[in-house]
Amino acid sequence: RHKGTPTHVEFSPVAPHDFCVASSLQVDIFSSRSNAVYRTLTRFKDTVCCTAYRHDGKMLAASDERGVTQLFDLGSRAVMRTMRGHTNAVRAV
């Protein structure tokens, strides 16, 4: 279940084209085969605005209302980099 209204949906560029849904303070990653959540990213301090998969589908960038963008390794869910250069919400990554 989502904690809030979805703010962004993004599809992986590689098969099987799983997808992520940003809502509130989290990003849920769904299997395109079962439509079930198999991974959740929750390291956000404000509402997640947008997400983007890397071309190989192994990393995900996500930004929030505070202007913070984080880069996640989807295999381990580790934050690879945090970027804080913006003073307002980041609407596209």
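- Among residue pairs with one or both ends in residues 9-28, those qualifying as ring pair (Phe, Tyr, Trp, His ring centres under 6.0 Å) are F11-F19, F19-F30; sequence neighbours excluded.
- V27 places a side-chain heavy atom less than 4.5 Å from the side chain of C20.
- Between R77 and L41 the shortest side-chain heavy-atom distance falls below 4.5 Å.
- A search for side-chain contact (heavy atoms from CB on, under 4.5 Å) contacts involving S31 returns D18, R33, S34, Y38, not counting sequence neighbours.
- Partners of E10 by side-chain hydrogen bond (donor to acceptor under 3.5 Å, both in side chains), not counting sequence neighbours, listed by chain and number: H8.
- Sequence neighbours left out, the pairs with a member in residues 42-64 that pass ring pair (Phe, Tyr, Trp, His ring centres under 6.0 Å) are F44-F72.
- Every salt bridge (charged side-chain N to carboxylate O under 4.0 Å, His left out) that R54 has, sequence neighbours left out, goes to D56.
- For T40, the side-chain hydrogen bond (donor to acceptor under 3.5 Å, both in side chains) test picks out D28, with sequence neighbours left out.
- Within the structure, the side-chain hydrogen bond (donor to acceptor under 3.5 Å, both in side chains) test picks out no pair touching residues 42-51 (sequence neighbours left out).
- Although no hydrogens or angles enter the test, the distance criterion places no donor-acceptor pair under 3.5 Å between the side chain of S63 and the main chain of C49.
- A side-chain donor-acceptor contact under 3.5 Å links T7 to the backbone of V48.
- A heavy-atom distance below 4.5 Å is not found between the side chains of L74 and M59.
- The heavy-atom pair separating P6 from V21 by the smallest distance is CB-CG1, 3.8 Å.
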Please table the atom pairs, donor to acceptor, closer than 3.5 Å between any side-chain atom in residues 78-93 and protein atoms at least two apart or in another chain.
from	atom 1	to	atom 2	distance (Å)
R91	NH1	E65	OE2	3.2

